[in-house]
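For the numbers below, each heavy atom of this structure counts, side chains included, while hydrogens, waters and symmetry mates do not.
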Amino acid sequence: MALGDLMTSRFSQLSLAVSNHVIDGNVSSGGYHEDDVAYADLMSQRRDLDAASTSSYSNAVTSTATVPTTMAYLPQTAVLCELRHAAFEASTPTGPSDSGLVSKWRPKDRMKTGCVALVLCLNISVDPPDVIKISPCARMECWTDPFSMAPQKALETIGKNLRDQYERWQPKARSKVELDPTVDEVKKLCNTCRRYAKSERVLFHYNGHGVPKPTANGEIWLFNKSYTQYIPLPISDLDSWLKTPSIYVFDCSAAGMVVNAFIELLDCGTSNYPGSSRDCILLAACEAHETLPQSAEFPADVFTSCLTTPIKMALRWFCTRSLLHESLDSSLIDKIPGRQNDRKTLLGELNWIFTAVTDTIAWNVLPHDLFRRLFRQDLLVASLFRNFLLAERIMRSANCSPISYPMLPPTHQHHMWDAWDMAAEICLSQLPSLVEDPNAEFQPSSFFTEQLIAFEVWLDHGSEHKKPPEQLPIVLQVLLSQCHRFRALVLLGRFLDMGPWAVDLALSVGIFPYVLKLLQTTTPELRQILVFIWTKILALDKSCQVDLVKDGGHVYFIRFLNSAEAYPEQRAMAAFVLAVIVDGHRRGQEACIEAGLIQVCLKQLHGCTQNEAQTEPLLLQWLCLCLGKLWEDFTEAQTIGLQADVPAICAPLLSEPQPEVRASAVYALATLLDVGFDSFRDGIGGDEECDDVEKNRAEMIIIKSLLNVVSDGSPLVRAEVAIHSVPELCWWISVDALFVLAALAHFAFGHKQHLKSIAAAYWKPQPNSLLNSLPSLANIKGTGSGNIVSSQIGPLTAIVRDGRVSTSSPLATAGIMHGSPLSDDSSQLSDSGILNDGVSNGEVNHSRPKPLDNAMYSQCVLAMFTLARDPSPRVASLGRRVLSIIGIEQVTKSVKPAGNSAWPSDPANSSSTPSISGLARSSSWLDINGGHMPLTFRTPPVSPPRQNYLAGIRRVCSLDFRPHLMNSPDSGLADPLLGSTSGSERSLLPQSTIYNFSCGHFSKSLLTASDDSEELLAKREEQERFALEHIAKCQHSSVSKLNNNSQIASWDTRFETGTRTALLQPFSPIVIAADENERIRVWNYEEATLLNGFDNHDFPEKGISKLCLLNELDDSLLLVASSDGNIRIWKDYTLRGKQKHVAAFSSIQGHKPGVRSLNAVVDWQQQSGYLYASGEISSIMLWDLDKEQLVNSIPSSSDCSVSALASSQVHAGQFAAGFVDGSVRLYDIRTPDMLVRTTRPHTQQVARVVGIGFQPGLDQGKIVSASQAGDIQFLDIRSQRDTDLTIDAHRGSLTALAVHRHAPIIASGSAKQLIKVFSLKGEQLGTIRYQHTFMAQKIGSVSCLTFHPYQVLLAAGAADACVSIYADDNSHTR
């Protein structure tokens, strides 16, 4: 099965299992005591839910009439649970790394043994004086009997054989043999080898079988010229000749003496070469007190034979211990057919298995850093150490212990030797027939097949917390075999998918060169799995990009990306790999451009946007990111992109439903605006570039597109806009002016001077009104009904950091009702006076033509301040950081609202133009460099503010300009930054996050569900069971009276301004309350303990209008709606001090002219994932929180503002709205007109609707509306009558309404400290009166009421900060 099929099948099985688990999991859970029947009814009625919703609203009404009112609907949707919500606000980096953990797997320096020095001191026919030989005795040296020929000839033959044996392991190494040498000859040999090898490793092999044992001082013995004496050679001299890097092999008795002396030499620091301690390896045949084996079953040089001819030595030793020893002649071992490097032959198969076994033993026994040094750095050293493991096994059977430096743990009893014995026995059993018949077919061993099965078993049951799979080195070896390769790659892919720890293990074992080499294959079935494996590797380690480009691997992925038969998810992986290849790697960018990557990506994007049915968001996302990385800081690629009309192709992606796609499109477009950044900085790219009409047209498309997403619902998207959109333009032109306000960041680096001019105009003194200084801002027109100005940004302070200016400036943004608050409409307006006024007192030199009109800069200024006061802390921080970088310290002051006069507007201008709140200027003076000519703003002492100016404004009487030298030390903070020609300015900008966050997707498991998914499903199933059981109780139990005696808990929230709103958690005894100052506190009412308390944000203004729970059946999130329309969503809100932001956005895009307060109202609909929001605007905003996107703006069809909203808990898209004139309207977004019905139930006295409830007690045909006048009206949406039932609950003082979702009760509260509870038939079930306290203070009016969703519990908040909880008698008894 191909990897794509594997992934598709696994994903489909997973989703099927999840849906079955969620939908059917409750069927077998049974009922609850007396509610068995009701519980079963609820379950069966859930299947009929969708029957109530048809294409026609009239049909829907008819259908709903037939559905029992006992139907319960538990939403299956969950929102805001993606990776971006877990880490965005914390700015947790999840992208590829090129340091730390990942640097360990890659050998620091590849090493090669360039020279081999072989020293043989045999002195054949003369035994050394300290050795007494047994009879029969081991005689073979290099598989030659020295007594079978003349001594000199035997010596030469042995030397030649030894050289040949080493050359098989390192053919390119230069080998030189010295036979029975003197000290001078050895010195010459060593010096020659070091001179030839240069910085490469030198191997020194010493055979001392014909000389005495080494001395206690570690001296080895050589000869004098006449062979009459043994001459000692100190190890220190040998070290000084060979230097480093080096490897020594000592094959002699008591070889441990030499090792001990060498270690002592290194430890004492007396080595003759400073680097010898860093890279010196020793292999010795035995310990200091041991003598070499003399048994005739071994060769005399058994240690050397193990190191240089391991297969022959291993098989000879094994045959004497195998069941085959009677039927197999050991002489046949010398006739094994084949070559060691041909795995299809018997000898090649044995060598292959031996390599796999010894690698596996070393990997599982050695520390990984030591394994990489000895087994992956130098091919010859790796071979010698593999063979050393065999020498330890064989020689320990003869009571001899080979030793090494670095020292290795014992491996002679490792269980993998049993696997080797079995494989060897199977292969040797075929040997007689293969020798007898050369044409006989060799049957490969089942060793690798069995090891792959073992690896697969581990994959099924293993994890990060268990012992790593010992077969990993074998899987690496299997990649060499064509017949096993595909299966091995699939299993390897499964292993890598387990997490970054698995990728690091695979890289540490040496997988990298193998998978790099496989990119040269053209086998079609390997393409998918290779792309998957490289995705996992590059998700961990970015540094592999260099190797891929060097070997031409990028072409492999470009071809795969361009293939039509690959799955979109797999092409997204290829795009990810290519994005990493070009990320900050100029050679990679150049290579990919040469291979046509831009054209391939644009072709894929065009195909995806044309064929919406097959659009894969992940592919769109990574095509954009790949393009963005490809032309980031690369002018040539940017030029190609503009010529290919990239803006027109990418701009539609800004409205895609997935926030990641939108943010990636912002990134791709914004990095394209880098054109001119480097060229201007380097003094290239003259006026003809700016005169290029096509380029300017593309530039305008990009800027307008980016300004349209300033108000996007996703902080991830807005962050990209804040980082990129404005500060990228400013290197295009250089005109003088004040400062860049960069909330759209790389745009400001390109057009800093124009933006400075706009900002300078803010402070321009005018005789009549402040607004006259900003004609283009003051005349921005909305596209909706009437002129709309967005919600206030609030008071800001701009401070140039050298202390020369301090500007108190309440600022506002211009907003558009439908779509972005920064619409393109303003570009059609006159901008006369802005730049001219800004330079009226001085001469300005333009270094370039101005490619953008002034209205665009005006919009950018507004966008910058909008983002600087974003409800998302991270986005706001990015905005303020960019402002700080360009020399503006922006401090937002916390302002408490003071009645209705918080934001007075100028009456002289309110009739002609919309009011721009809070543009002000400073009493001090300002000097900031404008690039080529710094400007100085000087102001005399402050005059008293005029009446027509906003509160806190200070008038400036004059503006003086005086030229300075460029980069003058007196020119302000922005001078060295914006005027710099170095590359450091980009490093000071905030860095994009979308790329790193997107990379995190590939670090997670893509083939299996996360480990916690089963726990989440079990938790949801339990909570669903609880909800269904209690819904049944609510609907089938009669509610007894609620009164003062029903109070079960009371909590003093200690809110200074009283409790504004409250919320009961469904599955925990927890109540959440908030006040006017947007303080939130969480209380356990059973244990009477405060769990948590925190501020919704740092600068509260209007209080909190509503609290909602998102995903209440899962890990719930707390949605906090402020009265200014800002939405903030929190997780872990019940844990003290551990609450975290999940998302934040402004739900209302603008408000009517002259409006002092938004008074936002919202409601949440879990079934659809929709958030409905309105207020002092002429429409109702419909936000899809799954998409984090404004999906519709529904005209309210009323001149009055919405004062209450309630959505259907059964049918997605249905909601009701109450208005300040007492009217109620029913909407259904599934109908063409959306407005279904308008009614005026509150006719006795026109008063605002205080509260509204849709489908009380799950009665789908009912709406409950309560007005401030005190009457409660019941409406039947299936009837044409305005009201179905009227309750006169209070007289002109109703302040709150609560409607139970499932129980047939409602509650209302009044300003007269009174709460009344009614049934849906109008019967009064109880009255709760607040009494005088013992201090004779009367408790304040009822400010909020809320029911528990699944129990008959009522929470009431009052103006005196008290929250009380009441339970009906039946519930309390139960």
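- Checked against a 6.0 Å centroid threshold, the rings of Phe1254 and Phe1215 do not count as neighbours.
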Apply side-chain contact (heavy atoms from CB on, under 4.5 Å) to residues Ile1104 and Ile1080 and explain how you reach the verdict. CA-CA 9 Å; Ile1104 291 175; Ile1080 300 169; 3.9 Å; yes

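- Remark: Asp1184 engages no residue in a side chain to side chain donor-acceptor pair (under 3.5 Å) (not counting sequence neighbours).
- Put simply, the side chain of Gln1313 does not reach to within 4.5 Å of the side chain of Arg1329, judged on heavy atoms.
- Ser1267 places no side-chain N or O within donor-acceptor distance of the main-chain N or O of His1242, the cut-off being under 3.5 Å.
- Between atom CD of residue Glu1076 and atom OG1 of residue Thr1057 there is a gap of 5.0 Å, rounded to the nearest 0.5 Å.
- Geometric assessment of Arg1079 against the ring of Phe1055 yields a negative cation-pi assignment under the 6.0 Å and 45° thresholds.
- Distance check, rounded to the nearest 0.5 Å: OG of Ser1168 to CD of Gln1214 gives 10.5 Å.
- The heavy-atom pair separating Ser1147 from Val1162 by the smallest distance is OG-CG1, 4.5 Å.
- Separation of atoms CZ (Phe1067) and CG (Leu1109) is listed at 9.5 Å; rounding is to 0.5 Å.
- Ser1203 places a side-chain N or O within 3.5 Å of a backbone atom of Gly1218 that can act as its donor or acceptor partner.
- The minimum heavy-atom distance linking Ala1217 with Val1202 is given by the pair CB-CG1, 4.2 Å.
- Side chain to side chain, Arg1060 and Ser1123 meet the donor-acceptor criterion of an N or O pair below 3.5 Å.
- In terms of modelled atom types and a separation under 3.5 Å, the side chain of Asp1163 and the main chain of Ser1207 share a donor-acceptor contact.
- Checking side-chain atoms of Thr1053 against main-chain N and O of Ala1361 turns up a donor-acceptor pair under 3.5 Å.
- One finds no salt bridge joining Lys1019 and Asp1114 here, because no Lys/Arg side-chain nitrogen approaches an Asp/Glu carboxylate oxygen to under 4.0 Å.
- Note: Ser1308 OG to Leu1314 CG = 7.5 Å, rounded to the nearest 0.5 Å.
- Across His1290 and Ser1310, no two heavy atoms sit closer than the pair ND1-CB, 3.4 Å.
- For Tyr1227 and Tyr1172, the ring centers sit 6.0 Å or farther from each other.
- With respect to the salt-bridge test (charged N to carboxylate O, under 4.0 angstrom), the residues Lys1033 and Glu1029 do not qualify.
- Between Tyr1350 and Leu1064, the closest side-chain pair of non-hydrogen atoms is not below 4.5 Å.
- Panel note: side chain Asp1271, backbone Ile1287; no donor-acceptor pair is recorded below 3.5 Å.
- A donor-acceptor pair shorter than 3.5 Å cannot be found between the side chains of Ser1265 and Gln1273.
- When each of Ile1277, Val1299, Thr1239 is paired with Ile1263, the side chain to side chain contact (heavy atoms under 4.5 Å, CB included) condition holds for Ile1277 and for no other.
- Side-chain contact between Leu1090 and Trp1051 is present, with at least one heavy-atom pair separated by less than 4.5 Å.
- Looking at Arg1225 and Ser1198, their side chains come closer than 4.5 Å, going by heavy atoms from C-beta outward.
- Between Trp1164 and Tyr1170, a ring centre-to-centre spacing not shorter than 6.0 Å is recorded.
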Pair Gln1139-Asn1092, side chain to side chain donor-acceptor pair (under 3.5 Å): steps then yes or no: CA-CA 9 Å; Gln1139 68 278 353; Asn1092 195 16; 2.9 Å; yes

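- No donor-acceptor pair closer than 3.5 Å links the side chain of Arg1128 to the backbone N or O of Ser1122.
- The ring of Phe1347 has its center closer than 6.0 angstrom to the ring center of His1300.
- Side chain of Ser1319 to main chain of Lys1321: a donor-acceptor pair is present (N/O by atom type, distance under 3.5 Å, no hydrogens or angles).
- Across every non-hydrogen atom of Gln1065 and Ile1072, the tightest pair is CG-CD1, 4.4 Å.
- Annotation for Leu1285 and Leu1320: closest pair CD2-O, 3.6 Å, computed over non-hydrogen atoms.
- Note that CD of Gln1035 and CD1 of Ile1031 are 7.0 Å apart. Values are rounded to the nearest 0.5 Å.
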Go through it in stages, so that I can follow the logic: the residues are Leu1091 and Ile1070, the test is side-chain contact (heavy atoms from CB on, under 4.5 Å), and I'd like the CA-CA distance, side-chain angles, deciding distance and then a yes or no. CA-CA 9 Å; Leu1091 301 180; Ile1070 291 175; 3.6 Å; yes

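- At least one donor-acceptor pair under 3.5 Å links the side chain of Gln1166 to the backbone N or O of Asn1111.
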Asn1096 vs Trp1130, test: side chain to side chain donor-acceptor pair (under 3.5 Å). Steps then yes/no. CA-CA 9 Å; Asn1096 187 37; Trp1130 299 85; 3.0 Å; yes

Please step through side-chain contact (heavy atoms from CB on, under 4.5 Å) for the pair Asp1276 and Lys1262, ending with a clear verdict. CA-CA 5 Å; Asp1276 192 328; Lys1262 293 290 179 66; 4.2 Å; yes

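- Contact annotation: the side chain of Leu1297 never approaches that of Leu1345 to less than 4.5 Å [non-hydrogen atoms, C-beta and beyond].
- The shortest distance between side-chain heavy atoms of Val1224 and Ile1252 falls below 4.5 Å.
- Although no hydrogens or angles enter the test, the distance criterion places a donor-acceptor pair under 3.5 Å between the side chain of Gln1165 and the main chain of Gly1213.
- The shortest distance between side-chain heavy atoms of Ile1229 and Ile1194 falls below 4.5 Å.
- Here Glu1112 pairs with Arg1301 in a salt bridge; the nearest charged N to carboxylate O distance falls below 4.0 Å.
- Considering every non-hydrogen atom in both Ala1367 and Ile1048, the closest pair reads CB-CG2, 4.0 Å.
- One distance of note links CG of Asp1115 with SG of Cys81; it measures 8.0 Å at 0.5 Å rounding.
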Let's go through Leu1119 and Leu1117 carefully: what are the C-alpha distance in whole Å and the side-chain angles of both, what is the deciding distance for side-chain contact (heavy atoms from CB on, under 4.5 Å) to 0.1 Å, and is it a yes or a no? CA-CA 6 Å; Leu1119 183 147; Leu1117 305 173; over 6 Å; no

Checking Asp1075 against Arg1081 for the salt bridge (charged side-chain N to carboxylate O under 4.0 Å, His left out) test, could you report, in this order, the C-alpha distance in whole Å, the side-chain angles of both residues, the deciding distance, and whether it holds? CA-CA 9 Å; Asp1075 72 347; Arg1081 287 176 184 160; over 6 Å; no

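- Considering only heavy atoms from C-beta on, Glu1078 comes within 4.5 Å of His1097 through its side chain.
- Remark: the backbone N or O of Gly1357 is paired with a side-chain donor or acceptor of Ser1343 at under 3.5 angstrom.
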